[in-house]
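Notes for the one structure printed next.
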2 protein chains.
Amino acid sequence: MSPNTTVEGMGLRERKKQRTRKALIEAAFDLFGTKGFEATTVDEISEAVEVSSRTFFRYFGSKEDVAISIQLQQFLEVYQALEARPTHEPVVTALRHAVVDVLRAYEEDEADASQFACVMDLVQHSPAVMARSLEMCTEQLDELARRVAVRMGVDPVTDPRPKLVASVASAALQVAVRAWREDEPDEKVSDLADRAFALLEAGINYPAAG
Amino acid sequence: MSPNTTVEGMGLRERKKQRTRKALIEAAFDLFGTKGFEATTVDEISEAVEVSSRTFFRYFGSKEDVAISIQLQQFLEVYQALEARPTHEPVVTALRHAVVDVLRAYEEDEADASQFACVMDLVQHSPAVMARSLEMCTEQLDELARRVAVRMGVDPVTDPRPKLVASVASAALQVAVRAWREDEPDEKVSDLADRAFALLEAGINYPAAG
DNA sequence: ACGCCATCTGTCGTTCACTGACAGATTTTC
DNA sequence: GAAAATCTGTCAGTGAACGACAGATGGCGT
């Protein structure tokens with residue numbers, strides 16, 4: 001009754017969990033940023049938040065999982081953005097805009113942008129994070145394919161095309177991110193992704209040299 | 001001196017190493033097949049070959065690496081097959097035939113086929129192997145992109161298209177393999193891959209439902 | 001306000017992947 | 001055959017991850 005009703009919709013316990021989770025992520029990124037991923041131990045992260053390392057593993061399945069938590073979040077945002085696209089757009093075009101919109105949103109916020117860059121650094125320089133990131137992406141491919149199938153109005157188990165589109169789109173995004181980190185740090189990722197998807201739209205069975 | 005010259009081109013030490021390596025792979029697959037990947041310890045693999053576990057790690061960087069050694073070999077074979085394709089073929093078409101040819105070769109040999117199926121089982125059911133496999137594939141993407149660039153007669157660092165083609169082709173192959181394992185076990189992987197690449201050739205920016 | 005129950009957390013102990021250092025064995029080379 | 005290079009085993013250690021148990025804490029009915 002009365003003032004006990006929380007302003008938001010969740011109990012005290014749930015809020016505490018969210019705080020712990022957020023604190024673990026922040027502490028982890030602090031340490032990853034200064035000492036590097038492999039040099040940082042789970043114990044150090046846990047001590048910084050004053051919880052036991054056992055508790056860390058109740059929030060995250062592995063040390064890698066905390067590093068890619070932002071990437072996972074971005075996938076969910078792409079799903080949202082995809083549903084917001086007009087239904088008459090061809091699938092790759094819709095995916096292109098959805099991805100670019102999400103990336104632009106991150107570029108506009110200073111904090112988001114630097115955290116995003118930090119994650120990409122981890123993915124690029126720590127094999128374990130890279131591996132986990134790739135694994136997570138393929139996990140998400142099912143969901144993405146399902147949504148693409150809905151857009152196409154076809155059955156996602158019978159028709160191989162939605163899975164193919166989802167995988168290819170994910171590959172294009174990875175190429176764009178990698179180009180950004182390695183070759184074109186001055187460009188915006190969103191622009192690189194935009195161009196990569198544009199190439200997909202145009203078809204990629206290029207003729208041989210001549 | 002005299003009869004010390006080896007029949008083949010390598011010394012005794014080198015042959016011994018090859019034998020140990022092969023024995024480790026075989027012992028590992030035996031154990032993975034019966035006990036599963038995570039239930040098998042490196043000690044068990046090493047004991048089966050009568051070497052120390054320390055030696056195992058001098059041959060393989062990780063327990064996962066021994067599981068995907070065949071996949072790595074297949075990549076090298078695709079490179080070979082790609083060079084054998086006529087130079088007038090468009091890139092995706094050439095990749096399609098190269099991949100399908102390699103897969104068909106594995107399907108024809110009984111032993112190769114079952115070992116291939118075993119590896120795919122490991123990749124599908126053991127997250128750690130899956131992650132390492134994906135990581136290895138992205139490592140190989142550089143080399144594949146380089147070869148695609150040569151075929152296109154363009155510069156692989158300036159032009160983003162070769163990287164895109166390589167990534168997309170790899171994605172298509174992964175989709176085909178996955179479809180084989182999960183939905184169409186009765187089909188041949190080579191046929192599924194063939195169809196996936198055919199879709200790529202035709203373009204994938206499908207219209208929305210209507 | 002009180003207590004019951006579900007859930008969360010810490011502690012302890014264990015397994016196992018992986019690595020550096022050193023010493024001994026073996027192959028190669030001269 | 002001796003010296004140099006390479007391979008291997010042993011030892012010791014780190015750190016990730018998990019199972020089990022006990023204590024703490026928030027949720028909830030009365």
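Order of the sequence lines fixes the chain letters, A, B, ..., with proteins taken first and strands second; residue numbering starts at 1 for each chain.
Comment: D30(A) does not engage K35(A) in a salt bridge, judged by the lack of any side-chain N to carboxylate O separation of less than 4.0 angstrom. Salt bridge status for E143(B) with R147(B): present, with a side-chain N to carboxylate O gap under 4.0 Å.
OP1 or OP2 of dT9(C) has not a single side-chain nitrogen or oxygen of T55(A) nearer than 4.0 Å. Using a 4.0 Å cut-off, no side-chain N or O of Y59(B) falls inside it from OP1 or OP2 of dC7(D). A close approach under 4.0 Å does not occur between any side-chain nitrogen or oxygen of K16(B) and OP1 or OP2 of dT26(C).
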task: Quick one, give me the B/S/- string for nucleotides 13-23 of chain D, reading 5' to 3', where B means a protein heavy atom under 4.0 Å from the base and S means that only happens at the primed atoms, P, OP1 or OP2.
output: --SSBBBB---

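Rounded to an integer number of Å, the gap from NZ of K17(B) to P of dT6(D) is 10 Å. Across the protein-nucleic acid pair, R15(A) atom CZ and dG27(D) atom P stand 8 Å apart, rounded to whole Å. The CD atom of E50(B) sits 18 Å away from the P atom of dA25(C) (whole-angstrom rounding). The interatomic distance linking R19(A) (CZ) with dC8(C) (C1') rounds to 14 Å, in whole Å. For the pair L12(B) CG and dC7(D) C1', the computed distance is 12 Å after rounding to whole Å. Straight-line distance from the CZ atom of R13(B) to the C1' atom of dT27(C): 4 Å, rounded to whole Å. In this structure, L24(A) places its CG atom 15 Å from P of dC8(C), rounding to the nearest Å.
Counting heavy-atom neighbours within 6.0 Å of E182(A) CD, excluding the residue itself, gives a total above 12.
Within the structure, the ring pair (Phe, Tyr, Trp, His ring centres under 6.0 Å) test picks out the following pairs touching residues 108-159 of chain B (sequence neighbours left out): F116(B)-W180(B).
Under the rule for a salt bridge (charged side-chain N to carboxylate O under 4.0 Å, His left out), the partners of K163(A) that lie at least two apart in sequence or sit in another chain are D183(B).
Residue contacts for E14(B): at a heavy-atom cut-off of 4.0 Å it reaches no nucleic acid atom on any strand shown.
S170(A) places no side-chain N or O within 3.5 Å of a backbone atom of A166(A) that could act as its donor or acceptor partner. No donor-acceptor distance shorter than 3.5 angstrom exists from the side chain of E184(B) to the backbone of L192(B), with no hydrogens or angles considered.
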